[in-house]
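Basis for what follows: all heavy atoms, side chains included, without hydrogens, waters or symmetry-related copies. A, B, ... follow the sequence lines: proteins, then strands. Residue 1 opens every chain.
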Amino acid sequence: MARQPESRVMTPKTTVRVRFSPAPTGYLHVGGARSALFNWLYARHSSGTMILRIEDTDADRSRPELITAIHDSLRWLGIDWDEEYRQSDRFDQYRDAAQSFLDKGLAYRCDCSQEASKARADARGGKPGYDGYCRDRDVQQGEGVVVRFRTPDEGVTAWDDLIRGRVEFQNSELEDFVIVRSSGVPMFHVANAYDDLDMGITHVVRGEDLVNTTPRVLLLRTALGATDQPIFAHLPLIVNEKRQKLSKRRDDVSVGDYMAKGFLSEAMRNYLLTLGWSAKDDAEILPIEEFINQFELSDINQAPAFFDIKKLEHFNSEYIRALSVEEFTERSLPFAGNIDHDLYGRLAQFVQGRIKRLDEIPSLLEWVVGQPPEPSEKDWRKVMEKDGVSEVLDLVIERLANSEWTAPALEKLVFGVGEELGTKTQLPVRLALTGVRFGLPLFEPMAELDREVVTERLRTARARL
RNA sequence: GCCCCCAUCGUUCAGUGGCCUAGGACACUGCCCUUUCACGGCAGGAACACGGGUUCGAAUCCCGUUGGGGGUACCA
């Protein structure tokens, strides 16, 4: 057969298969979402397969209902997948694998209690880890017995990380780790190595917090009979303001929280993308297709990135403003609070350009649908305690009685008073009416209120002068 | 402690030996626009952690120091 030209070299022989493997022990958080996203981007970029694999080997910690929540969060972000597996469905295969290790002498049973091995470690002089006490004790199956993998005493386990370059571990540093719990349930290392091999995973894209487990997984993979390695890409961590790995405990980071705070999923996804990777020409906000097109794992940075909500908000406001008024109205309605839908439909266009997050909407509308907040001392002094304000209010109140009740007419009325009196009139009217000195354009919402309500509010303010 | 990783403006990304008197974005400050706020426009301050090499030449390569982080479970 004739040899193909360059394309033969350029095209990988195997199609890309990647997986996102969350443990259902909590809601999807931004770190996990970013891992999922980078896997997905690479799968779509290379026309490969995106696999969702639920790593629920720890029955005590896993909560089945969280799987649905993870699905929802991924879907919200627009991340889809082609195959899905659940490790709890595959226990038998992992158990068989572990048994084969036992049969081949690659693993052994151990009946040391955790207290006992810790006591020995302390006696050894603080060097933690299991010491291989049971390696040749021929322990039999029984209560409290685990299976440990026999790690090599010498040599090096290494891989060429797409993001970090070559990473090496001395095998002598590796302890004989547990692969089957005393309950008989295999540990995640086994499941992970087995599945990556069995599912033909070509690229392992995951957080840097997993690098230390890579040698174990690699050793297990070899024990399973593999002669190759997947390509690893260990993503830099997303950190909080103290530069620590984001944690569900101390940081408010679940994807659902951001949904509830009024972030658009496209903005969230786009922002997450820019943490550790960037498109050509300094472009930060692009259609997802363009990102997919340009995405390469090897272009990802090595340094941890801070999750900056300010920047996320900027992205969000950009995406909000890019929406058509119709789409904005529809998508923001659930955040608008207790307001007549038709009324909101008329006012949404004024809201759209003024918010960074959808959850800011109710406060913007407060004076339209309910009572305005009490003006602050400072605002009152600055706006109302000036010469001519009482004349302005008097005149506006007077003319309101007979004015046509439309936005243009009201604008003309208020500005007309200003021209006659040689002063600016919007601010005092705004403060009297809305309670604050910033917000929506004044006249359109004003025309939505009843004449009596508007007049009453202005009178109240006038009385306070 | 031990193992592993990381190090460019406050933040984030760019920069892969000369194009860098280091660029973009967010944030911040000032001005303009505007009879609110926001948007928009213009301008500004702001960084290659330190010390050694290598080289004609280093933000870019090597070594060390310092600093930060991750891991060190019968969690994943």
Query - Residues in contact with RNA chain B, drawn from residues 159-172 of chain A - heavy-atom cutoff 4.0 Å - result: A/Arg164, A/Val167, A/Glu168, A/Phe169
Query raised in the report: Please give, in whole Å, the distance from B/C26 P to A/Leu312 CG?
Result: 14 Å
Requested in this report: Report the residues that fulfil ring pair (Phe, Tyr, Trp, His ring centres under 6.0 Å) with A/Phe307, sequence neighbours left out, ordered by chain and then residue number.
Outcome: A/Tyr258, A/Tyr271
**Report entry** Span that lies between the P atom of B/U65 and that of B/C74, in whole angstrom
**Finding:** 33 Å
When the side chains of residues 292-304 of chain A are checked against the rest of the protein, which donor-acceptor pairs come out under 3.5 Å, sequence neighbours left out?
residue: A/Gln294; atom: OE1; partner: A/Lys280; partner atom: N; Å: 2.8
residue: A/Gln294; atom: NE2; partner: A/Glu290; partner atom: OE2; Å: 2.9
residue: A/Glu296; atom: OE2; partner: A/His45; partner atom: NE2; Å: 3.0

Report summary line: For A/Arg331, the side-chain contact (heavy atoms from CB on, under 4.5 Å) test, sequence neighbours excluded, returns A/Leu264, A/Ser265, A/Glu266, A/Leu323, A/Glu327
Requested in this report: Please state the P separation for the pair B/G51 and B/G71 - nearest whole angstrom.
Outcome: 33 Å
Query raised in the report: Which nucleotide, in any strand shown, forms a Watson-Crick or G-U wobble pair with B/C42, with both distances under 3.5 Å?
Result: B/G30
For residues 375-392 of chain A, dump all side-chain donor-acceptor pairs below 3.5 Å to protein atoms at least two apart in sequence or in another chain.
residue: A/Ser376; atom: OG; partner: A/Asp379; partner atom: N; Å: 3.1
residue: A/Ser376; atom: OG; partner: A/Asp379; partner atom: OD2; Å: 3.4

Query raised in the report: Quantified in whole Å, what is the P atom distance between nucleotide B/G64 and nucleotide B/G70?
Result: 23 Å
Query - Residues that A/Leu410 engages under side-chain contact (heavy atoms from CB on, under 4.5 Å), provided they are two or more places apart - result: A/Leu400, A/Ser403, A/Trp405, A/Phe443, A/Met446, A/Ala447
Query raised in the report: Does the ring of A/Tyr108 carry A/Arg148 above it, NZ/CZ under 6.0 angstrom from centre and within 45° of its axis?
Result: no
Query raised in the report: So, A/Lys412 and A/Glu419, do they make that salt bridge, N to O below 4.0 Å?
Result: no
Query - Length of the CD-C1' vector between A/Glu318 and B/G40, whole Å - result: 11 Å
Report summary line: The Watson-Crick or G-U wobble partner of B/U35, with both key distances under 3.5 Å, is none
Report task. State whether the number of non-hydrogen atoms from other residues, nucleotides or ligands found under 6.0 Å of A/Phe91 atom CZ is greater than 12. Result -> yes
Report summary line: Expected string for nucleotides 71-76 of chain B under the B/S/- scheme (protein heavy atoms, under 4.0 Å, primed atoms plus P, OP1, OP2 as sugar-phosphate) is S-BBSB
Query raised in the report: Touch check for A/Leu442, heavy atoms < 4.0 angstrom, all strands: base, sugar-phosphate only, or nothing?
Result: nothing
List the atom pairs, with distances to 0.1 Å, where a side-chain N or O of residues 206-213 of chain A and a protein N or O form a donor-acceptor pair under 3.5 Å, not counting sequence neighbours.
residue: A/Arg206; atom: NH1; partner: A/Thr214; partner atom: OG1; Å: 3.0
residue: A/Arg206; atom: NH1; partner: A/His234; partner atom: NE2; Å: 3.1
residue: A/Asp209; atom: OD2; partner: A/Lys245; partner atom: NZ; Å: 3.2
residue: A/Thr213; atom: OG1; partner: A/Leu210; partner atom: O; Å: 2.9

Query - Nucleic acid contacts - residues 352-378 of chain A versus RNA chain B, non-hydrogen atoms under 4.0 Å - result: A/Gly353, A/Arg354
Query raised in the report: In whole angstrom, what separates A/Gln426's CD from B/C37's C1'?
Result: 9 Å
Requested in this report: Assess whether side chain to side chain donor-acceptor pair (under 3.5 Å) is satisfied between A/Tyr94 and A/Thr57, documenting all intermediate values.
Outcome: CA-CA 10 Å; A/Tyr94 311 141; A/Thr57 54; over 6 Å; no
Report task. Taking atom C1' in both B/C9 and B/C48, compute the distance separating them and give it to the nearest angstrom. Result -> 10 Å
Query raised in the report: How long is the line joining CG of A/Asp281 and P of B/A25, in whole Å?
Result: 13 Å
Query - B/A58 to B/A49 separation - P atoms, rounded to the nearest Å - result: 15 Å
Query raised in the report: In Watson-Crick or G-U wobble terms, both distances under 3.5 Å, what is the partner of B/U11?
Result: B/A25
Requested in this report: Please state the P separation for the pair B/A59 and B/C37 - nearest whole angstrom.
Outcome: 46 Å
Query raised in the report: Cation over ring, A/Arg354 on A/Phe350, under 6.0 Å and within 45°?
Result: no
Query raised in the report: Does A/His314 or A/Arg430 map to a spot on RNA chain B nearer the 5' end, using the closest nucleotide for each?
Result: A/His314
Report task. Would you give a per-nucleotide map of nucleotides 7-16 of chain B, 5' to 3', where B means the base has a protein non-hydrogen atom under 4.0 Å away, S means only the sugar-phosphate does, and - means neither? Result -> S---SSSS--
**Report entry** Interatomic distance, A/Arg321 CZ vs B/A38 C1' [rounded to whole Å]
**Finding:** 8 Å
Which donor-acceptor pairs under 3.5 Å do the side chains of residues 355-362 of chain A make with protein atoms, sequence neighbours left out?
residue: A/Arg357; atom: NE; partner: A/Asp359; partner atom: OD1; Å: 3.2
residue: A/Arg357; atom: NH1; partner: A/Glu313; partner atom: OE2; Å: 3.1
residue: A/Arg357; atom: NH2; partner: A/Asp359; partner atom: OD2; Å: 2.8
residue: A/Glu360; atom: OE1; partner: A/Lys356; partner atom: N; Å: 3.1
residue: A/Glu360; atom: OE2; partner: A/Lys356; partner atom: N; Å: 3.4
residue: A/Glu360; atom: OE2; partner: A/Arg357; partner atom: N; Å: 3.1

**Report entry** Euclidean distance, atom CG of residue A/Leu235 to atom P of B/C4 [Å, nearest integer]
**Finding:** 21 Å
Requested in this report: With sequence neighbours left out, write down each residue that passes side-chain contact (heavy atoms from CB on, under 4.5 Å) with A/Asp96, or none if nothing qualifies.
Outcome: none
Query raised in the report: How would you label the contact of A/Leu174 with the nucleic acid (heavy atoms, under 4.0 Å): base, sugar-phosphate, or nothing?
Result: nothing
Requested in this report: With P as the reference atom in both, quote the distance from B/A46 to B/C32 in angstrom, rounded to an integer.
Outcome: 24 Å
Report task. Dump the intermediate steps for side chain to side chain donor-acceptor pair (under 3.5 Å) on A/Arg86 and A/Ser88, then the final yes or no. Result -> CA-CA 5 Å; A/Arg86 207 165 288 194; A/Ser88 52; 5.4 Å; no
Query raised in the report: Within a radius of less than 6.0 Å around CZ of A/Phe306, do more than 12 heavy atoms belonging to other residues, nucleotides or ligands occur?
Result: yes
Report task. Rounded to the nearest angstrom, tell me the gap between atom CG in A/Asn270 and atom P in B/C26. Result -> 13 Å
Query raised in the report: Within the structure shown, what part of the strands sits under 4.0 Å from A/Pro236 by heavy-atom distance: base, sugar-phosphate, or nothing?
Result: nothing
Requested in this report: Rounded to whole angstrom, note down the P distance from B/C61 over to B/A14.
Outcome: 14 Å
Query raised in the report: Given that both distances must come in under 3.5 Å, which nucleotide forms a Watson-Crick or G-U wobble pair with B/U65?
Result: B/A49
Requested in this report: Count the heavy atoms belonging to other residues, nucleotides or ligands that lie under 6.0 Å from CD of A/Glu154, then report whether that count exceeds 12.
Outcome: no
Report task. Calculate the interatomic distance between A/Phe177 atom CZ and B/C3 atom C1'; express it in whole Å. Result -> 15 Å
